[in-house]
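Step one of this worksheet: look at the structure below.
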Number of protein chains: 2
Amino acid sequence: MPYPISRPTMRDVAERAGVSPKTVSNVVTGTVPVSEKTRTRVEAAMVELDFVPNLSARGLRNGRTGVIGFALPDLATAFSASIAHSVVEAAHARGLVVQIEETAFEPAREYDLVYRARTHQIDGLILNPVRLEDSVVDHVQHLPPVVLIGEVEQHSTDRVFIDSRQAGRTAAQHLMEQGARRIAVLGGTTTDMFAKQATLGQRLQGVLDAFSAAQVKAAPELQVDVRWSIAGGADAMREILAREVEFDAVFAFTDSIAVGALHVLHDYGLRVPEDVLVMGFDNVEHAAYTWPPLTTIGFDHKDYVTAALDLLASRVADRNAPTRAVEVAHTLIPRRSTQGPPRGHTPPASP
Amino acid sequence: MPYPISRPTMRDVAERAGVSPKTVSNVVTGTVPVSEKTRTRVEAAMVELDFVPNLSARGLRNGRTGVIGFALPDLATAFSASIAHSVVEAAHARGLVVQIEETAFEPAREYDLVYRARTHQIDGLILNPVRLEDSVVDHVQHLPPVVLIGEVEQHSTDRVFIDSRQAGRTAAQHLMEQGARRIAVLGGTTTDMFAKQATLGQRLQGVLDAFSAAQVKAAPELQVDVRWSIAGGADAMREILAREVEFDAVFAFTDSIAVGALHVLHDYGLRVPEDVLVMGFDNVEHAAYTWPPLTTIGFDHKDYVTAALDLLASRVADRNAPTRAVEVAHTLIPRRSTQGPPRGHTPPASP
DNA sequence: CTGAAAGCGCTTACAG
DNA sequence: CTGAAAGCGCTTACAG
């Protein structure tokens with residue numbers, strides 16, 4: 001059967017059922033009670049005509065589309081994929097669908113997205129922002145309902161976060177308790193810490209907190225910038241090795257980064273955890289299946305996302321309610337990759 | 001600045017610029033030329049009022065929303081995430097946005113999606129179908145423009161596929177060339193091969209083809225059903241080990257399954273590739289970073305997705321054009337995990 | 001190149 | 001519980 005050029009409308013259904021369009025609408029939306037007899041007739045007519053409501057028309061009339069947007073830097077990383085999965089599932093459970101956009105770490109694309117939100121194609125937006133300082137949130141006049149995900153220090157918008165600073169501190173403490181003293185940090189350098197990425201900055205700050213508390217000196221030569229992916233983690237690990245510095249542990253700011261680091265350490269002949277401890281962050285499925293299994297900081301992705309959807313729903317319902325920030329608990333998940341004490345890696349003497 | 005209850009419309013812009021709404025529309029859509037002077041006045045008015053077009057209204061009028069749907073079983077697996085990433089990027093490049101839905105391997109959810117497509121919220125749908133036999137595609141009267149992704153034997157719908165049977169054959173041949181004779185197949189059993197999942201069935205058929213060609217006897221005790229995830233791969237590998245059968249290679253039908261299998265083999269004390277060869281399928285980023293690096297069947301995810309979007313665009317433009325099926329090339333990517341010959345695993349003698 | 005009218009398909013007051 | 005009217009914001013013929 002060919003796809004029809006024009007689909008039946010409520011008016012067609014109404015004619016066939018011998019009622020007014022309003023009555024069909026009542027049956028479809030279910031907001032106003034309809035007599036059993038009429039409802040049956042209308043439903044029969046809908047089936048016969050294969051009627052499907054036009055949501056553009058409904059959206060135009062209601063100002064709601066039932067679609068929310070989810071914007072994140074890169075859908076392909078394990079953590080992003082896990083969160084996106086949770087968003088889609090949680091939205092589905094609420095009768096919402098999700099439009100996904102990638103910002104590719106470019107503020108301009110983030111801006112586009114917010115702009116699109118304002119075109120009424122979506123009711124609201126969950127935004128995993130690119131950067132702290134120039135987030136679109138501060139630069140758009142009429143913001144649609146937005147919930148931020150991540151450690152953005154931003155008080156004009158609802159947000160969900162984990163305490164990344166505390167988590168960074170917990171991670172570094174754990175590594176030191178296992179005997180590490182020279183921790184390579186794959187996640188960013190001190191200098192650009194606040195300028196670039198809020199999450200990175202906070203995790204690094206937590207690490208430095210732990211160093212201070214343990215009276216361990218921070219070692220800038222063990223900090224390195226990193227792309228947020230497996231390949232990025234591998235590159236960063238190679239960079240550390242190329243510096244020919246001593247280290248006995250690696251703290252990667254995401255599990256994907258840790259996977260890349262693990263690979264390079266194996267390749268280099270360093271054993272984990274006998275020589276070097278390694279830990280990640282996020283507790284993606286994969287972390288339990290690396291070799292050795294990866295210690296990480298975990299938090300409930302479903303809770304995280306549920307909190308975001310709750311905030312968004314509230315914001316859509318009431319634009320003037322006070323802004324809220326919801327913290328989701330995190331916890332250390334110790335696995336074999338940090339079973340110390342590590343022997344440590346001493347670079348070969350320079351020629 | 002508070003979010004305004006009602007946003008400015010073209011009419012407001014027209015009034016402010018002293019022109020008709022039609023002229024504003026001409027400026028916005030750019031289809032009809034507008035004099036430089038008028039255009040400037042209109043654009044100024046748009047900026048002053050912070051005008052944003054209402055896409056629901058445009059969609060109602062045009063019958064096009066600029067949104068496409070992408071439906072897949074589970075967004076969180078590495079392969080799905082990679083494909084979804086490519087879909088979003090390729091769509092973005094064409095000025096389209098993507099609504100993502102998960103079918104959770106449930107035909108009912110697949111049906112919902114197609115139904116939603118018909119509500120005109122999306123212009124078309126790229127569908128990675130759950131099953132062969134009861135795909136929604138055969139059960140819906142008025143199908144919206146749909147492109148299938150995957151090895152569905154289905155000729156009434158446009159589709160993009162790789163030759164999974166040939167790929168399965170190539171994989172098994174490669175393992176045998178490396179010296180393997182007893183290949184554990186993590187992907188499905190012969191019995192349900194055609195009943196359940198087209199892709200699985202074809203890959204398995206390819207493996208059987210290779211066995212025949214090499215005059216190697218197929219071993220049903222080495223075939224196992226598997227959930228399409230890392231944990232599923234681990235479970236399947238444990239299942240094979242629990243059967244206490246000999247094997248010298250593992251062919252996992254996705255890289256994620258292979259990652260789970262690798263983990264369990266390590267855990268069991270079997271060395272890859274010295275004792276057992278392992279290979280996967282899909283060539284996700286991760287495959288190059290397992291230990292040892294994972295041999296796999298690769299194909300260009302971007303090409304794959306681009307082909308799907310091209311087909312969808314053609315279908316949206318012409319509902320009556322003949323159906324097309326586009327094959328995307330695949331290739332064996334040999335890495336260390338299959339560097340044979342393998343010693344093989346012989347289970348301990350029963351007590 | 002610009003304008004006045006009509007309508008896409010739905011739902012919200014307003015009557016009955 | 002049901003109906004007739006109006007309008008959400010845009011764009012497509014149709015005139016000028």
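Below, read A as the first sequence line, B as the second, and so on, with proteins coming before strands; counting in each chain starts at 1.
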Whole-Å distance, Leu49(A) CG to dG9(C) P, equals 14 Å
dC10(D) OP1/OP2 closer than 4.0 Å to side-chain N/O of Ser56(B)
no
dC1(D) phosphate, OP1 or OP2, under 4.0 Å from Thr23(A) side-chain N/O:
no
Worksheet item: After noting the C-alpha distance and the side-chain angles of Glu102(B) and His85(A), does the key distance pass the side chain to side chain donor-acceptor pair (under 3.5 Å) rule?
Response: CA-CA 8 Å; Glu102(B) 298 190 357; His85(A) 165 73; 2.8 Å; yes
Quiz item: Are Arg315(A) and Asp158(A) close enough for a salt bridge, meaning some N to O gap below 4.0 Å?
Solution: yes
Taken to the nearest whole Å, CZ/Arg11(A) to C1'/dC8(C) is 12 Å
In whole angstroms, the gap separating P of dG7(C) from CZ of Arg58(B) amounts to 22 Å
To the nearest angstrom, the CE-P distance between Met10(A) and dG7(C) comes to 20 Å
Whole-Å distance, Asn62(A) CG to dG7(D) P, equals 17 Å
| task | Determine, step by step, whether Asp123(B) and Thr65(B) satisfy the side chain to side chain donor-acceptor pair (under 3.5 Å) criterion, reporting the C-alpha distance in whole Å, the side-chain angles of both residues, the deciding distance to 0.1 Å, and the verdict. | result | CA-CA 6 Å; Asp123(B) 296 337; Thr65(B) 59; 3.1 Å; yes
Between Val19(B) and Val24(A), the residue closer to the 5' end of DNA chain C by nearest nucleotide is Val19(B)
Out of dT12(C), dC8(C), dT2(D), minimum distance to the side chain of Lys22(A) belongs to dT12(C)
Re dG3(D): Watson-Crick or G-U wobble partner, both distances kept under 3.5 Å, found to be dC14(C)
Per atom distances to the Ser25(A) side chain, the nearest of dT2(C), dT11(C), dC10(D) is dT11(C)
So Val28(B), base contact, sugar-phosphate only, or nothing? Heavy-atom distance under 4.0 Å. nothing
Testing dG9(D), dC1(D), dT12(C) for proximity to the side chain of Arg61(B), the answer is dG9(D)
Are the side chain of Thr306(A) and the backbone of Lys302(A) linked by a donor-acceptor contact shorter than 3.5 Å? yes
Side-chain contact check for Leu60(B): nearest option of dT12(C), dC8(C), dG3(C) is dC8(C)
Between CG of Asn26(B) and P of dA13(D) the distance, given in whole Å, is 13 Å
Within the structure, does a side-chain N or O atom of Thr9(A) lie under 4.0 Å from either OP1 or OP2 of dG9(C)? no
Glu15(B) atom CD is separated from dA4(C) atom C1', nearest whole Å, by 15 Å
| request: Taking only Lys NZ, Arg NE, NH1 and NH2, and the carboxylate oxygens of Asp or Glu, determine whether Asp310(B) and Arg94(B) approach each other closer than 4.0 Å. | output: yes
> Using a cut-off of less than 4.0 Å, is there contact between a side-chain N or O of Thr38(A) and OP1 or OP2 of dT2(D)?
Replying inline: yes
When rounded to whole Å, the CG to C1' distance for the pair Asn54(A) and dT11(C) reads 13 Å
